[in-house]
Asker: 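This is the structure I want to talk about, given as structure tokens.
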Amino acid sequence: MKKTRIFLPREVVKRLRKSYPAPATALKWQSPWELLVATILSAQCTDVQVNKITPGLFSRWPDPKSLSMADPQEVQEVIRPAGFFRTKSRNIIQAGEIINRRFQGRVPADMEDLMSLPGVASKTANIVLYGAYGINAGVAVDTHVKRTARRLGLTRSQDPGKIEKDLMSQFEQDDWGDLNHMLVLLGRETCRARKPLCGECPLFEICPKFISI
DNA sequence: ATCCCGAGGG
DNA sequence: CCCTCTGGAT
């Protein structure tokens with residue numbers, strides 16, 4: 001006989017908050033601009049790897065204006081270890097230009113404005129809005145959120161946009177920003193892509209994978 | 001659907 | 001060797 005459905009998004013948040021009392025990004029940043037650049041660089045790359053290159057990057061080109069005037073090849077060499085270095089170099093330089101010219105040198109606190117920047121789509125915009133300005137505009141969906149949300153039965157979709165909608169409809173808006181950070185931590189440490197450590201998962205009892213077997 | 005791309009783990 | 005890493009643009 002099938003067990004009754006215990007699973008509730010509320011219970012997920014409760015357990016995640018207990019396990020991760022201070023959810024935050026592992027990226028190192030000192031300003032909205034640094035968070036934006038670090039997040040663009042973190043595409044398909046570990047935060048550890050990004051944190052190795054950003055100190056040198058920010059020390060050589062501290063703000064949008066200076067980066068907008070940088071030699072693309074010099075930037076490429078600095079960020080090379082993060083991968084996709086040609087695309088990322090172009091994106092952060094152009095983002096610096098646009099922010100310097102159109103947004104008076106300040107990173108916009110607006111979803112549409114952020115997504116007008118090269119290399120910035122929903123995920124990066126959500127990270128910057130919440131991290132830099134405390135705005136819960138949506139749920140940033142990356143590889144970790146996608147995997148953990150699917151395993152938990154919070155969505156059945158593969159499409160990041162639909163996954164975000166599914167999460168936004170089930171969780172309180174006040175939890176959206178932290179939800180991303182907590183699911184990333186869960187996905188990185190426990191609900192890993194390869195060998196998930198289900199035995200030590202704080203959501204073990206409410207994970208559909210182990211209910212109704 | 002495909003491309004961009006290096007680093008680390010297994 | 002293969003898989004994965006807080007994706008985005010074409």
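The sequence lines fix the lettering, A, B, ..., with proteins before strands; numbering per chain opens at 1. These numbers were taken from a predicted model, which means no experiment stands behind them. Scope of the values below: all heavy atoms of this structure, side chains included, with no hydrogens, waters or symmetry mates.
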Asker: Considering only heavy atoms, which members of residues 173-187 of chain A lie under 4.0 Å from some atom of DNA chain C?
Answerer: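 Those residues whose heavy atoms fall under 4.0 Å from DNA chain C, taken from residues 173-187 of chain A in numerical order, are N180(A), H181(A), V184(A).
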Asker: I need the minimum non-hydrogen distance between S89(A) and P72(A), along with the two atoms involved.
Answerer: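 Closest approach of S89(A) to P72(A): OG-O, 3.1 Å.
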Asker: Enter the distance from L114(A):CG to I99(A):CD1 here, rounded to the nearest 0.5 Å.
Answerer: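 Those atoms lie 7.5 Å apart.
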Asker: Which salt bridge (Lys or Arg N to Asp or Glu O under 4.0 Å) pairs, counting each pair once, include a residue from residues 123-141 of chain A, with sequence neighbours left out?
Answerer: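 For residues 123-141 of chain A, and leaving out neighbouring residues, there are no salt bridge (Lys or Arg N to Asp or Glu O under 4.0 Å) pairs at all.
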Asker: Find the distance D159(A):CG to dG7(C):P and express it as a whole number of Å.
Answerer: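 That distance rounds to 15 Å.
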Asker: How long is the straight-line distance from NZ of K28(A) back to CG of L35(A), given to the nearest 0.5 Å?
Answerer: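 Going from the CG atom of L35(A) to the NZ atom of K28(A) covers 14.0 Å.
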Asker: Which listed nucleotide (dC5(B), dC5(C), dG7(C)) is nearest to the side chain of T87(A)?
Answerer: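 Closest nucleotide to the T87(A) side chain: dC5(B).
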Asker: May I ask you to say what R90(A) touches in the nucleic acid, namely base, sugar-phosphate or nothing, with a heavy-atom cut-off under 4.0 Å?
Answerer: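 Nothing, no nucleic acid heavy atom in range.
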Asker: Base of dC3(C), side chain of R194(A) - is there a donor-acceptor contact under 3.5 Å?
Answerer: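 Counting by modelled atom types and ignoring angles, a donor-acceptor contact under 3.5 Å is found here.
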Asker: I want to confirm an ordering. Mapping P118(A) and I127(A) to their closest nucleotides on DNA chain C, which one lands closer to the 5' end?
Answerer: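 First, find each residue's nearest nucleotide; the 5'-ward one identifies I127(A).
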Asker: Less than 3.5 Å apart, any donor N or O on the side chain of N126(A) or E164(A) sitting next to an acceptor on the other?
Answerer: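 A donor-acceptor contact under 3.5 Å links the two side chains.
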Asker: What's the separation between atom CZ in R102(A) and atom CG in L117(A), rounded to the nearest 0.5 Å?
Answerer: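 One finds 8.0 Å between CZ of R102(A) and CG of L117(A).
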Asker: Could you check whether R192(A) gets within reach of a base, just the sugar-phosphate, or nothing at all, counting any heavy atom under 4.0 Å?
Answerer: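 It contacts nothing in the nucleic acid.
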Asker: Could you tell me how far apart R80(A) (CZ) and dC5(B) (P) are, to the nearest whole angstrom?
Answerer: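 In whole Å, dC5(B) P lies 9 Å from R80(A) CZ.
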Asker: Measuring to OP1 and OP2 of dC5(C), would you say a side-chain N or O of S42(A) lies under 4.0 angstrom away?
Answerer: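 It does not, given that no N or O in the side chain of S42(A) lies less than 4.0 Å from OP1 or OP2 of dC5(C).
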Asker: Check the distance between dC4(B)'s C1' and I79(A)'s CD1 and give it to me in whole angstrom.
Answerer: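 So the two atoms are 12 Å apart, to the nearest Å.
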Asker: Round to the nearest Å and state the distance from K88(A) atom NZ to dG6(B) atom P.
Answerer: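 Taking atom P of dG6(B) as the reference, NZ of K88(A) is at 11 Å.
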Asker: For N136(A) versus D174(A), what's the shortest heavy-atom pair and its separation?
Answerer: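 Smallest interatomic distance, heavy atoms only, reads ND2-O, 3.7 Å.
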Asker: Examine dC5(C): is either OP1 or OP2 under 4.0 Å from a nitrogen or oxygen in the side chain of R147(A)? Give yes or no.
Answerer: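 Yes.
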Asker: Whole Å only: how far is the CD atom of Q158(A) from the P atom of dA1(B)?
Answerer: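 To the nearest whole Å, that distance equals 11 Å.
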Asker: P108(A) and Y133(A): which non-hydrogen atoms are nearest, and at how many Å?
Answerer: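 Smallest interatomic distance, heavy atoms only, reads O-CE1, 3.8 Å.
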Asker: Do Y130(A) and D178(A) have a side chain donor and acceptor closer than 3.5 Å?
Answerer: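 Yes, D178(A) and Y130(A) have a side-chain donor paired with an acceptor closer than 3.5 Å.
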Asker: Distance-only check: which donor-acceptor pairs under 3.5 Å involve side-chain atoms of residues 62-69 of chain A, not counting sequence neighbours?
Answerer:
residue: D63(A); atom: OD1; partner: K65(A); partner atom: N; Å: 3.3
residue: D63(A); atom: OD1; partner: S66(A); partner atom: N; Å: 2.8
residue: D63(A); atom: OD1; partner: S66(A); partner atom: OG; Å: 3.0
residue: S66(A); atom: OG; partner: D63(A); partner atom: N; Å: 3.2
residue: S66(A); atom: OG; partner: D63(A); partner atom: O; Å: 3.0
residue: S68(A); atom: OG; partner: K65(A); partner atom: O; Å: 2.6

Asker: Could you tell me how far apart N91(A) (CG) and dG7(C) (P) are, to the nearest whole angstrom?
Answerer: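 N91(A) atom CG is separated from dG7(C) atom P by 14 Å.
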Asker: When you compare dT10(C) with dC5(B), how far apart are their P atoms, in angstrom units rounded to a whole number?
Answerer: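 To the nearest whole Å, 14 Å.
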Asker: Classify the nucleic acid contact of A140(A) as base, sugar-phosphate or nothing, counting any heavy atom under 4.0 Å across all strands shown.
Answerer: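 Touches nothing.
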Asker: Compare the ring of F84(A) with the six-membered ring in the base of dC5(B) and state whether they stack (centres under 5.5 Å, planes under 30°).
Answerer: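 Whether judged by distance or by angle, F84(A) falls short somewhere, so it does not stack on the base of dC5(B).
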Asker: Rounded off to whole Å, could you give me the CD1-to-C1' distance for the I40(A) and dC5(C) pair?
Answerer: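 After rounding, the gap between these two atoms is 17 Å.
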Asker: In whole angstroms, how far is the C1' atom of dG7(C) from the CZ atom of F85(A)?
Answerer: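 My rounded result for the distance is 17 Å.
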Asker: Could you check which residues of residues 15-27 of chain A get a heavy atom under 4.0 Å from DNA chain C? Sort them by number, please.
Answerer: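 Correct list: T25(A), A26(A).
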Asker: Going by the side-chain hydrogen bond (donor to acceptor under 3.5 Å, both in side chains) test, which pairs reach into residues 37-60 of chain A, not counting sequence neighbours?
Answerer: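 Qualifying pairs: D47(A)-R188(A).
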Asker: Between D175(A) and R17(A), is there a salt bridge with N-O shorter than 4.0 Å?
Answerer: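 Looking at R17(A) and D175(A), the cut-off is met.
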Asker: Is the distance from OP1 or OP2 of dC5(C) to the nearest side-chain N or O of T143(A) less than 4.0 Å?
Answerer: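 Result: yes.
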Asker: Short of 4.0 Å, heavy atom to strand atom, which residues of residues 47-58 of chain A count as contacting DNA chain B?
Answerer: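 Under 4.0 Å from DNA chain B: Q49(A), K52(A).
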Asker: Which part of the nucleic acid, if any, lies within contact of L41(A), taking any heavy atom under 4.0 Å across all strands shown: a base, the sugar-phosphate backbone alone, or nothing?
Answerer: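 The residue L41(A) makes no contact with any strand.
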Asker: Given side chains that start at C-beta, do those of L186(A) and C201(A) come closer than 4.5 Å, heavy atoms only?
Answerer: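 In contact.
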